[in-house]
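Notes follow once the structure below has been shown.
Residue numbers start from 1 in every chain, and the chains themselves are labelled A, B, ... in the order their sequence lines are given, proteins ahead of strands.
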There are 2 protein chains.
Amino acid sequence: MRERLSELRKKRGWSLQETADQLDIAKSTYAGYESGYREPSIRSLSQIADLFDTTLDYLLGRTDNSLDAIELTGLLKSPRHRLSIDGKLLSPDELVDFISFVRVKRMVKTEEMGEDQEG
Amino acid sequence: MRERLSELRKKRGWSLQETADQLDIAKSTYAGYESGYREPSIRSLSQIADLFDTTLDYLLGRTDNSLDAIELTGLLKSPRHRLSIDGKLLSPDELVDFISFVRVKRMVKTEEMGEDQEG
DNA sequence: AAAAAAGTACGCGAATCGAGAACGATATAT
DNA sequence: ATATATCGTTCTCGATTCGCGTACTTTTTT
């Protein structure tokens with residue numbers, strides 16, 4: 001948490017005060033989050049995630065991806081997201097076909113390398 | 001929050017008591033989360049996400065599938081999201097292939113229909 | 001019908017959150 | 001060197017509210 005917040009803030013070149021202002025909380029409050037002295041409420045945490053354009057899971061160190069990778073195979077079973085291309089929603093069939101396409105392509109590439117190691 | 005928790009729990013056929021026991025908290029405490037009477041601490045929320053094998057963002061309804069269609073062509077220029085297949089991140093090349101793949105397929109389908117109307 | 005389990009709602013003590021203030025460190029200006 | 005301003009850290013205090021126990025209603029089981 002500490003590390004993630006500090007990293008995201010400094011990457012943007014913001015001071016504690018600037019960040020707190022954008023979140024509409026006191027400087028000491030936000031500083032408490034970064035130092036680990038305080039934990040934000042869920043509401044504040046969500047605002048922070050919005051401000052830094054990231055996820056709760058990343059802020060709390062539950063994932064290494066600042067933006068959660070969307071697992072396409074999982075979308076078929078539980079569509080948490082919808083995808084579109086050229087403004088038109090992607091159909092399940094299109095998704096299935098593409099997943100197969102990528103899998104085959106990856107296998108071919110692995111064979112070309114003469115190895116079975118993962119990329 | 002309420003809806004997500006209730007949905008996940010019932011999908012597993014667990015009672016409030018069973019769920020609370022697994023989280024090592026009181027039944028009334030967990031019930032408070034589902035009813036909206038209480039909000040969990042971040043620690044409890046993380047445990048809940050682990051128990052239900054999901055993310056904080058999903059629990060809190062931050063990844064609502066009904067609203068946010070992700071335009072894949074936009075991801076190439078500003079990667080606000082990352083995609084994966086079989087747990088492996090999709091490369092930009094693969095994404096380009098994905099988009100071309102779908103576009104071609106859509107054109108073929110349109111021609112087959114003898115129409116140029118949008119689906 | 002009785003008993004057990006499931007779900008709901010509330011009061012209370014304890015934990016802790018958020019704001020403000022005080023502090024030292026650093027940088028800039030006079 | 002002194003003054004001023006900004007930055008980051010840490011503390012206290014009041015207010016919020018969390019988590020548990022408990023009691024209650026509803027549903028299920030025997």
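Over its length, the helix from dA1(C)-dT30(D) to dT30(C)-dA1(D) turns its helix axis by 30°, as judged from the five terminal pairs at each end, rounded to 10°.
The hydrophobic clustering, which links ILVMFWY residues whose side-chain heavy atoms are closer than 4.5 Å, places L72(A) and V96(B) together.
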Should D50(B) and R62(A) be marked as a salt bridge (Lys or Arg N to Asp or Glu O under 4.0 Å) after you check the CA-CA gap, both sets of side-chain angles, and the distance that decides it?
CA-CA 10 Å; D50(B) 287 340; R62(A) 292 174 53 85; 3.1 Å; yes

Begin from the C-alpha positions of K105(B) and D97(A) and carry the test side chain to side chain contact (heavy atoms under 4.5 Å, CB included) through to its verdict.
CA-CA 10 Å; K105(B) 197 150 179 270; D97(A) 286 345; 2.6 Å; yes

Verdict with supporting geometry, W14(B) and Y30(B), ring-ring contact (aromatic ring centres under 6.0 Å, His included):
CA-CA 12 Å; W14(B) 295 341; Y30(B) 177 77; 9.4 Å; no

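Taking 4.5 Å as the limit, some side-chain heavy atom of I42(A) sits within range of a side-chain heavy atom of P40(B). The shortest side-chain heavy-atom distance between L59(B) and L8(B) falls under the 4.5 Å cut-off. Side-chain atoms of Y33(B) and S44(B), non-hydrogen and from C-beta on, do get closer than 4.5 Å to each other. Residues R106(A) and I85(B) have side chains in contact (heavy-atom distance under 4.5 Å, counting atoms from C-beta outward). The side-chain heavy atoms of I48(B) and R4(B), taken from C-beta on, include no pair separated by under 4.5 Å.
When heavy atoms are screened at a 4.0 angstrom cut-off, R9(A) is found touching the sugar-phosphate backbone but no base atom. Counting non-hydrogen atoms under 4.0 angstrom, Q17(A) reaches nothing in the nucleic acid.
Ranking dG18(C), dG19(D), dC20(D) by closeness to the S44(A) side chain, first place goes to dG18(C). Of the candidate nucleotides dG18(C), dG8(D), dA19(C), dA19(C) has the atom lying nearest to any side-chain atom of A26(A).
For I42(B) and dA15(C), the CD1 to P distance is 19 Å, given to the nearest whole Å. The CZ atom of R38(B) sits 15 Å away from the P atom of dT16(C) (whole-angstrom rounding). One interatomic measurement links the two molecules: CG of L16(A) to C1' of dG8(D), which rounds to 6 Å at whole-angstrom precision. If you take CD of E18(A) and C1' of dT6(D), they are 11 Å apart, rounded to a whole angstrom. What separates CZ of R43(A) from P of dT17(D) is a distance of 12 Å, to the nearest Å. For the pair E39(A) CD and dT16(D) P, the interatomic distance rounds to 21 Å; values are reported in whole Å. In this structure, the CD atom of Q47(A) is 16 Å from the P atom of dC17(C), given to the nearest Å.
A salt bridge is defined here as a Lys NZ or Arg NE, NH1 or NH2 lying under 4.0 Å from an Asp or Glu carboxylate O, and E18(B) with R12(B) fails to meet this definition.
For the pair R9(A) and F52(A), the cation-pi test (distance below 6.0 Å, angle within 45°) is failed.
The stretch residues 28-37 of chain B comes close to DNA chain D through S28(B), T29(B), Y33(B), each having a heavy atom under 4.0 Å from the strand.
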For nucleotides 23-28 of chain D, tabulate all protein N/O to nucleotide N/O atom pairs closer than 3.5 Å, reporting atom names and distance.
none

